[in-house]
Protein chains: 2
Amino acid sequence: MGIIFSRQCEYALQAILHLASQPRDSMTSIRELAAKLDIPYHFLAKILQSLATKGILNSQRGPAGGFALSKPPEEINLISVVEAIDGLAISNQCVLGFPECGGSNPCALHHQWGDIREAVQKMLMNKSIAKLSRETRLSRT
Amino acid sequence: MGIIFSRQCEYALQAILHLASQPRDSMTSIRELAAKLDIPYHFLAKILQSLATKGILNSQRGPAGGFALSKPPEEINLISVVEAIDGLAISNQCVLGFPECGGSNPCALHHQWGDIREAVQKMLMNKSIAKLSRETRLSRT
DNA sequence: GTAATTTCAGACAAGATAGTCTGAATATAT
DNA sequence: ATATATTCAGACTATCTTGTCTGAAATTAC
């Protein structure tokens with residue numbers, strides 16, 4: 001597992017990021033994505049299939065088939081991807097693991113963690129795939 | 001796994017939090033901690049042993065034995081506990097899982113995540129177990 | 001010194017996550 | 001039609017995390 005995302009989710013984000021850098025009407029194969037991103041082929045296949053059934057990607061079989069974003073990258077934000085793969089544990093669960101922790105009965109870190117959680121959510125909601133892709137290209141030189 | 005801490009780490013923090021609420025010179029047994037915090041006995045035992053070998057707890061065998069904080073709770077901060085159990089992955093690893101991500105070659109979320117990471121670290125460093133314990137007692141009523 | 005209570009140590013089992021393999025279904029090109 | 005390249009589906013394995021079990025070692029009380 002990564003820091004806050006599962007490995008599946010990290011792979012999903014990496015793949016989507018790459019898809020956003022491709023021409024909007026072209027399809028990219030698992031083979032190509034797996035090679036470029038150094039992700040196990042069949043593992044990535046499952047993840048992409050899952051993203052397809054959840055409506056985030058389109059898929060097409062046969063030669064010249066592959067995957068593509070189902071919507072323009074401006075309209076996909078990070079949180080929808082994260083939610084599709086990892087769910088919303090970040091939003092709900094107590095950071096110290098107390099099951100009884102909540103608004104009316106907060107643990108000692110509840111409020112301070114709340115600020116951080118909001119920052120994370122804001123980051124994930126405000127970042128569209130388009131923005132992310134643009135900044136990624138800038139940062140690679 | 002919890003949100004950012006492993007379950008082991010959550011249990012460790014919960015246990016230490018409870019120890020901080022006990023008289024400084026008394027020992028608390030695994031049995032009591034496991035019951036109060038609803039943590040599997042032997043699993044907690046391992047965690048406490050690990051914290052003991054790392055110098056965060058003192059332990060004593062035999063009847064009336066158990067565990068106690070090795071230092072006054074004012075002198076223990078959260079990050080030392082987290083580091084002892086989970087290591088420093090939060091500080092080092094890329095949030096998107098890119099192995100090549102770093103200061104000179106940042107991923108698209110690197111800087112924004114950096115702010116959040118710092119907030120987390122600040123939270124963990126500034127919070128002593130004493131503070132945490134005090135605020136926990138306040139919040140339970 | 002014997003019994004009771006505890007930590008200590010390490011092997012083991014269960015569950016979750018990550019990763020692999022094989023073959024079927026589908027689409028394209030020739 | 002046939003060959004090829006792809007996704008799709010599901011079973012299988014590996015690895016990591018979590019949790020369980022058993023017995024030894026230490027300490028205390030009697």
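Chain letters run A, B, ... following the sequence lines, proteins first and then strands; every chain starts at 1.
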Between [N] atom [atom2] and [X] atom [atom1], what is the distance in whole Å?
{"X": "B:Asp86", "N": "D:dC16", "atom1": "CG", "atom2": "P", "result": "16 Å"}
{"X": "B:His42", "N": "D:dG19", "atom1": "NE2", "atom2": "C1'", "result": "10 Å"}
{"X": "A:Leu57", "N": "D:dC8", "atom1": "CG", "atom2": "C1'", "result": "15 Å"}
{"X": "A:Asp38", "N": "C:dG19", "atom1": "CG", "atom2": "C1'", "result": "13 Å"}
{"X": "A:Asn58", "N": "C:dT26", "atom1": "CG", "atom2": "P", "result": "18 Å"}
{"X": "B:Gln14", "N": "D:dT18", "atom1": "CD", "atom2": "P", "result": "13 Å"}
{"X": "B:Gln8", "N": "D:dC16", "atom1": "CD", "atom2": "P", "result": "14 Å"}
{"X": "B:Ile47", "N": "C:dC8", "atom1": "CD1", "atom2": "C1'", "result": "15 Å"}

Checklist entry - Will you find, in the side chains of B:Asp86 and B:Ser6, an N or O donor that is under 3.5 Å from an N or O acceptor? => result yes
Checklist entry - Will you find, in the side chains of B:Gln121 and B:Ser91, an N or O donor that is under 3.5 Å from an N or O acceptor? => result yes
Item to check | Check: B:Lys127 side chain, B:Leu78 main-chain N or O, donor-acceptor pair, under 3.5 Å | outcome: no
Checklist entry - When all nucleic acid strands are considered with a 4.0 Å heavy-atom cut-off, which category describes B:Ile30: base, sugar-phosphate, or nothing? => result sugar-phosphate
Next on the checklist: Classify B:Phe67 by what it touches in the nucleic acid, base, sugar-phosphate, or nothing, heavy-atom distance under 4.0 Å.
Outcome noted: sugar-phosphate
Any heavy-atom pair between the side chains of [Y] and [X] that's under 4.5 Å?
{"X": "A:Leu96", "Y": "A:Cys101", "result": "no"}
{"X": "A:Ile85", "Y": "A:Phe5", "result": "no"}
{"X": "A:Leu48", "Y": "A:Ile30", "result": "yes"}

Item to check | A:Ala64 vs A:Leu48, nearer the 5' end of DNA chain D by closest nucleotide | outcome: A:Ala64
Item to check | Comparing A:Gly65 and A:Thr53 on DNA chain D - which has the more 5′ nearest nucleotide | outcome: A:Gly65
Contact under 4.0 Å: [X] side-chain N or O vs [N] OP1/OP2:
{"X": "B:Tyr41", "N": "D:dT22", "answer": "no"}
{"X": "B:Tyr11", "N": "D:dT18", "answer": "no"}
{"X": "B:Arg31", "N": "C:dT5", "answer": "no"}
{"X": "B:Ser59", "N": "C:dC8", "answer": "yes"}

Item to check | Any N/O donor-acceptor pair, B:Arg61 side-chain to D:dT27 base, under 3.5 Å | outcome: no
Among [options], the one nearest [X] by side-chain distance:
{"X": "B:Gln49", "options": "D:dT20, D:dT4, C:dC8", "result": "C:dC8"}
{"X": "A:Gln60", "options": "D:dT22, C:dT28, C:dT7", "result": "C:dT28"}
{"X": "A:Arg7", "options": "C:dT28, C:dG19, D:dC8", "result": "C:dG19"}
{"X": "B:Phe43", "options": "C:dT20, C:dA27, D:dG19", "result": "D:dG19"}

Next on the checklist: Can you work out whether B:Lys46 or B:Thr28 has the more 5'-proximal nearest nucleotide on DNA chain C?
Outcome noted: B:Thr28
